[in-house]
Number of protein chains: 2
Amino acid sequence: MLDASRATVELLIQHRTSDLSIKEMAAHAGISERTFYRYFPRKEDVVRPFFQSGLRRIVTNFNARPEYESILDSLRAVWSDAWPVQDAEASRLLFHILESQDSYRAVRLQVVIDSELLWAEAIARRLGIDAHSRQAMFAGAAVVTAFRMAWQAFSLDRSLDPIETLMANVDIFKEILLAPA
Amino acid sequence: MLDASRATVELLIQHRTSDLSIKEMAAHAGISERTFYRYFPRKEDVVRPFFQSGLRRIVTNFNARPEYESILDSLRAVWSDAWPVQDAEASRLLFHILESQDSYRAVRLQVVIDSELLWAEAIARRLGIDAHSRQAMFAGAAVVTAFRMAWQAFSLDRSLDPIETLMANVDIFKEILLAPA
DNA sequence: CACGAACTGGCAGTTTCTGCCATATTGCAT
DNA sequence: ATGCAATATGGCAGAAACTGCCAGTTCGTG
């Protein structure tokens with residue numbers, strides 16, 4: 001399922017457009033149309049596993065960072081190696097393709113927003129607070145917002161450095177992310 | 001178009017489900033199926049104008065508040081009268097209906113996230129800073145996050161007071177919303 | 001190997017969505 | 001008010017998206 005998602009994203013990038021039929025997607029992923037619909041309730045859900053796995057991997061890496069490291073340093077570290085696609089230019093292209101159709105954009109945003117919960121848990125663990133507390137929830141939202149805006153800025157402006165952009169964003173929420181209680 | 005959106009949302013609430021066909025929606029809105037598709041590119045886009053107009057109205061009201069009022073007081077004021085639907089119970093029901101299907105949930109989230117830009121401009125005007133600055137963008141994101149979480153909490157927990165929930169959320173981002181530069 | 005559970009594909013049928021053209025409505029100048 | 005152009009609407013045919021059902025396959029387990 002993740003494989004099929006990856007294969008389809010690859011096809012989207014190849015064709016530089018979001019106008020692909022189910023037939024084309026299924027064929028390139030090497031599965032039948034019927035199976036395609038078992039994996040993805042709606043056509044645009046095809047990008048969901050791709051982004052989910054990427055986002056989850058970042059959080060997992062964050063959780064694997066040493067305790068003594070500051071949250072800001074950890075964020076810098078995990079952001080460095082975790083990109084949705086290896087090539088920066090392909091990443092930008094994918095952003096624009098998915099941005100061009102509301103249906104894809106909406107799904108991508110939903111996946112991103114849903115990762116707030118993972119980040120809330122991760123930050124809460126670090127700060128030693130309750131993962132369901134208001135503070136933890138908003139710390140999660142802050143991290144995701146910083147990611148989201150950095151990715152957008154990076155995709156729109158070729159001259160930006162992704163890591164520095166993220167860190168500048170995170171800096172704004174510093175207090176929220178550092179206050180222990 | 002907004003009328004058709006409102007009518008359809010009304011129908012969703014009446015039927016307590018998101019499983020409505022285009023045929024039913026168009027009939028209830030008093031337009032043909034063909035015209036329905038002229039207004040709404042995809043079926044689930046039908047909720048878009050409804051939420052957009054609600055969100056825009058809140059920002060407009062915020063901009064109409066007196067200059068001398070604090071941002072927090074203004075937020076409290078505009079939040080008080082502006083609900084997507086008049087009846088609180090209907091509002092909760094609508095939330096659950098749209099939450100039950102990813103396609104509707106994704107659209108709602110997208111509309112909410114897109115209102116960040118409006119808030120960034122509104123807050124920037126108040127603080128006397130550039131609307132495209134990083135600080136303004138994140139202030140907008142902070143307000144929207146506070147709204148979003150308050151609405152969710154309010155919809156899930158019948159005992160919560162919407163205004164107090166919002167203000168408690170906003171309080172977390174106090175520094176970002178108050179710092180003049 | 002046997003067997004049940006889970007995965008996959010084919011196909012018919014429904015619903016969603018689009019292109020094209022004809023008709024109606026609106027805005028505006030006369 | 002009248003004519004005219006621009007725009008909004010509807011009908012219909014057809015394509016694409018999506019579902020239900022059943023049959024064949026693969027996979028893990030005893």
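Below, chains carry the letters A, B, ... as their sequence lines are ordered, and counting in each starts from 1.
- At whole-Å resolution of the value, OH in A/Tyr39 and C1' in D/dT19 are 18 Å apart.
- For the pair B/Asp102 CG and D/dC18 C1', the interatomic distance rounds to 16 Å; values are reported in whole Å.
- What separates CZ of B/Arg38 from P of D/dG10 is a distance of 9 Å, to the nearest Å.
- The CZ-P distance, from A/Arg42 to D/dT19, rounds to 8 Å in whole Å.
- Note: CD1 (B/Ile22) to P (D/dA16) measures 19 Å, nearest angstrom.
- A 6.0 Å sphere centred on NE2 of B/His15 holds more than 12 heavy atoms belonging to other residues, nucleotides or ligands.
- Atom C1' of nucleotide D/dA16 and atom NZ of A/Lys43 are separated by 8 Å, given to the nearest angstrom.
- Contact between the side-chain N/O atoms of A/Thr35 and the OP1/OP2 oxygens of C/dT8 is not found at any separation under 4.0 Å.
- Atom CD1 in A/Ile31 sits roughly 12 Å away from atom P in C/dG10 (whole-Å rounding).
- If you measure from atom CD of B/Glu33 to atom C1' of D/dA13, you get 14 Å, rounded to the nearest angstrom.
- Residues B/Phe154 and B/Trp79 place their aromatic rings such that the two centres sit no closer than 6.0 Å.
- Using cut-offs of 30° and 60° for the angle between ring planes, the A/Phe62 and A/Trp119 rings count as perpendicular.
- Using a 4.0 Å cut-off, no side-chain N or O of A/Tyr37 falls inside it from OP1 or OP2 of C/dG9.
- Nearer to the 5' terminus of DNA chain D, by closest-nucleotide assignment, is the contact made by B/Arg34 (compared with the other of B/Arg34 and A/Glu44).
- Note on A/Ile113: it does not cluster hydrophobically with A/Met149, by side-chain heavy-atom contacts below 4.5 Å among ILVMFWY residues.
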